[in-house]
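When a residue number appears, it is its place in the shown sequence, counting from 1. For ligands, and for the atoms within them, numbers begin at 1 and follow the listed sequence. As a basis for the values below, the full set of heavy atoms in this structure was taken, side chains included, without hydrogen atoms, waters or symmetry mates.
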Amino acid sequence: MQTSKRIEMLPPYLFVEINRKIAEKKAKGEKVITLAIGDPDIPTPEHIIERLSQAAHDPANHRYPETDGLPQFRRAIAEWYERRFGVSLEPDKEVLPLIGSKEGIGHIALCFIDPGDIALVPDPSYPVYPVGTMFAGGECYFMPLVEEKGFLPDLEDIPSPVADQAKLLWINYPNNPTAAVADLDFFERVVHFARKHDIAICHDGPYSEVSFDGYRPPSFMQVPGAKEVGVEFHSLSKSYNMTGWRVGMAVGNARIIEALMRVKSNLDSGIPQAIQYAAIEALLGPQDCIDEHNAIYQRRRDRLMETLNRIGLRAKPPQASLYIWVRIPEGYDSLGFASELLEKAGVVVTPGVGYGRYGEGYIRLSLTTPDDQLEEGLACLSAWHSSRQSLP
Ligand SMILES: Cc1ncc(COP(=O)(O)O)c(C=O)c1O
């Protein structure tokens with residue numbers, strides 16, 4: 001049996017060694033605290049679960065769903081966008097429910113990329129953008145996201161022949177892993193760039209509801225012309241602590257939405273309907289949970305920042321997202337530093353290089369560790385720091 005070249009081309013799984021060390025420590029009965037995963041620890045709000053439970057008892061929801069979702073779910077998404085961002089969407093043409101946004105993000109390359117075509121992909125980034133491109137037979141041109149430029153891609157830096165040839169441009173704000181945010185001015189420049197080079201834009205915005213200190217991240221769809229050039233991926237995962245239910249959406253340009261729907265209708269049969277009813281409840285029901293969750297994340301951010309500052313690790317306090325992007329000390333690479341923290345402090349962090357070459361020099365910490373474990377983790381980091389200082 002021989003697997004495809006596609007499978008062989010997948011990047012090596014960087015965390016093998018770290019996972020092996022975690023297993024080894026656990027087997028010895030040693031405690032390991034993880035600050036690595038961006039998966040909300042707080043449960044889905046009760047009213048949403050209640051709606052799911054009711055809908056699960058209705059036999060009408062036991063049958064195949066439609067790939068493009070319930071019309072009332074598409075309408076709920078449009079209503080939510082109008083209320084949250086002041087963006088009008090045509091529910092039957094400009095909205096497509098997804099089985100978690102990851103599903104659509106992975107599949108959209110099939111709508112634009114033929115073998116040899118180019119996608120412009122940020123580095124570091126969520127790994128599904130480059131992998132989706134590769135599965136479609138395309139090539140990535142990586143746009144460095146560097147601290148000096150606020151972790152925004154420098155569109156002027158992309159050589160014109162590359163930009164003219166590219167079919168797709170990925171952006172993601174609030175950003176994973178750097179936690180950077182973008183303003184409407186940047187999104188306007190992206191629309192201008194898309195028009196100039198005839199490129200489709202995919203903005204990935206699952207963290208727009210996770211924000212701090214009163215900051216409210218904008219939607220790409222808010223800028224004039226966005227709907228002519230692109231789509232936005234969104235998700236209920238982080239906004240409503242629904243990562244386990246797998247429900248998200250793509251909104252925007254009707255031609256792109258239709259193309260994605262054609263791909264999906266050949267591959268999947270949509271989101272289970274009971275989950276769509278729960279998602280409608282999330283989008284249109286009480287929204288207090290968002291501020292409540294953000295208050296928890298903000299408190300954790302502040303606790304982490306206090307410790308990082310005290311032990312001399314440099315990071316900018318994030319205004320949004322579930323992450324802190326931390327510069328590592330001189331003399332380490334990100335995998336080596338993550339291994340040191342695991343071995344010596346019993347704390348798991350994500351090495352930046354896992355998100356691309358330009359992620360080297362950083363680690364990513366997440367705000368989704370329960371408070372008591374976070375406090376333990378912070379104590380372990382402080383103890384590690386003191387022991388390091390007392391070395392001869
Ligand atoms: C930037 C980004 N996009 C998309 C996703 C996928 O989210 P979901 O598939 O749960 O909607 C994630 C998940 O961590 C993410 O970080």
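Look at Phe233 and you'll find every heavy atom at least 4.0 Å from all atoms of ligand 1. Put simply, no part of Gly38 is less than 4.0 Å from ligand 1, judged by heavy atoms. Using a 4.0 angstrom heavy-atom cutoff, Ser235 counts as in contact with ligand 1. No heavy atom of His234 sits closer than 4.0 Å to any atom of ligand 1. The closest approach between Trp170 and ligand 1 stays at or above 4.0 Å for every heavy atom of the residue. Under the 4.0 angstrom criterion for non-hydrogen atoms, Asp204 is in contact with ligand 1.
Contact annotation for Ile105 and ligand 1: only side-chain heavy atoms (C-beta onward) come within less than 4.0 Å of the ligand.
Among protein heavy atoms, the minimum distance from atom 10 (O) of ligand 1 is reached at Ser237 OG, 2.6 Å. From the protein, the heavy atom lying nearest to atom 7 (O) of ligand 1 is Ser101 OG, 3.3 Å. For atom 9 (O) of ligand 1, the nearest protein heavy atom (residue, atom name, distance) is Arg246 NH2, 2.7 Å. At the top of the distance list for atom 13 (C) of ligand 1, counting protein heavy atoms only, stands Lys238 NZ, 3.2 Å. Tyr126 OH, 3.3 Å is the protein heavy atom nearest to atom 6 (C) of ligand 1.
Geometrically, ligand 1 and Glu103 share no nitrogen or oxygen pair separated by less than 3.5 Å. Ligand 1 has no N or O atom lying under 3.5 Å from any N or O atom of Thr243, backbone or side chain. Taking only nitrogen or oxygen atoms, main chain and side chain alike, Tyr323 does not reach within less than 3.5 Å of ligand 1. Considering backbone and side-chain atoms together, Asn172 places no N or O closer than 3.5 Å to any N or O of ligand 1.
For the pair Glu8 and Lys5, the salt-bridge criterion is not met [side-chain N within less than 4.0 Å of a carboxylate O]. A salt bridge links Glu30 with Lys25: at least one charged nitrogen is closer than 4.0 Å to a carboxylate oxygen. A salt bridge is absent between Lys196 and Asp164; no separation between the charged side-chain nitrogens and carboxylate oxygens falls under 4.0 Å. Ion pair Glu209/Arg84 flagged as a salt bridge, since at least one NZ, NE, NH1 or NH2 atom sits closer than 4.0 Å to an Asp/Glu carboxylate oxygen. Ionic pairing of Asp92 and Arg75 is not present here: no N-O contact between side-chain nitrogen and carboxylate oxygen is shorter than 4.0 angstrom. A salt bridge is absent between Glu147 and Lys316: the closest approach of a Lys/Arg side-chain nitrogen to an acidic carboxylate oxygen does not fall below 4.0 angstrom. A salt bridge is defined here as a Lys NZ or Arg NE, NH1 or NH2 lying under 4.0 Å from an Asp or Glu carboxylate O, and Arg189 with Asp183 fails to meet this definition. Note on Arg246 versus Glu103: no salt bridge recorded, every NZ/NE/NH1/NH2 to OD/OE distance being 4.0 Å or above.
Ring planes of Trp170 and Tyr129: parallel class, angle under 30° (limits at 30 and 60°).
Each of the following atoms of ligand 1 lies closer than 4.0 Å to a heavy atom of Gly100: 9 (O), 11 (O). The ligand atoms of ligand 1 that sit less than 4.0 angstrom from a heavy atom of Tyr129 are 1 (C). Atoms of ligand 1 found under 4.0 Å from any heavy atom of Asn176 (numbered from 1 in listed order, with element): 1 (C), 15 (C), 16 (O).
Partner of Tyr362 under the ring-ring contact (aromatic ring centres under 6.0 Å, His included) criterion, chosen from Phe337, Trp325, Tyr323: Trp325. Partner of Phe186 under the ring-ring contact (aromatic ring centres under 6.0 Å, His included) criterion, chosen from Tyr173, Phe193, Phe220: Tyr173. Checking Lys26, Lys21, Arg20 one by one against Glu24, the salt bridge (Lys or Arg N to Asp or Glu O under 4.0 Å) holds for a single residue, Arg20.
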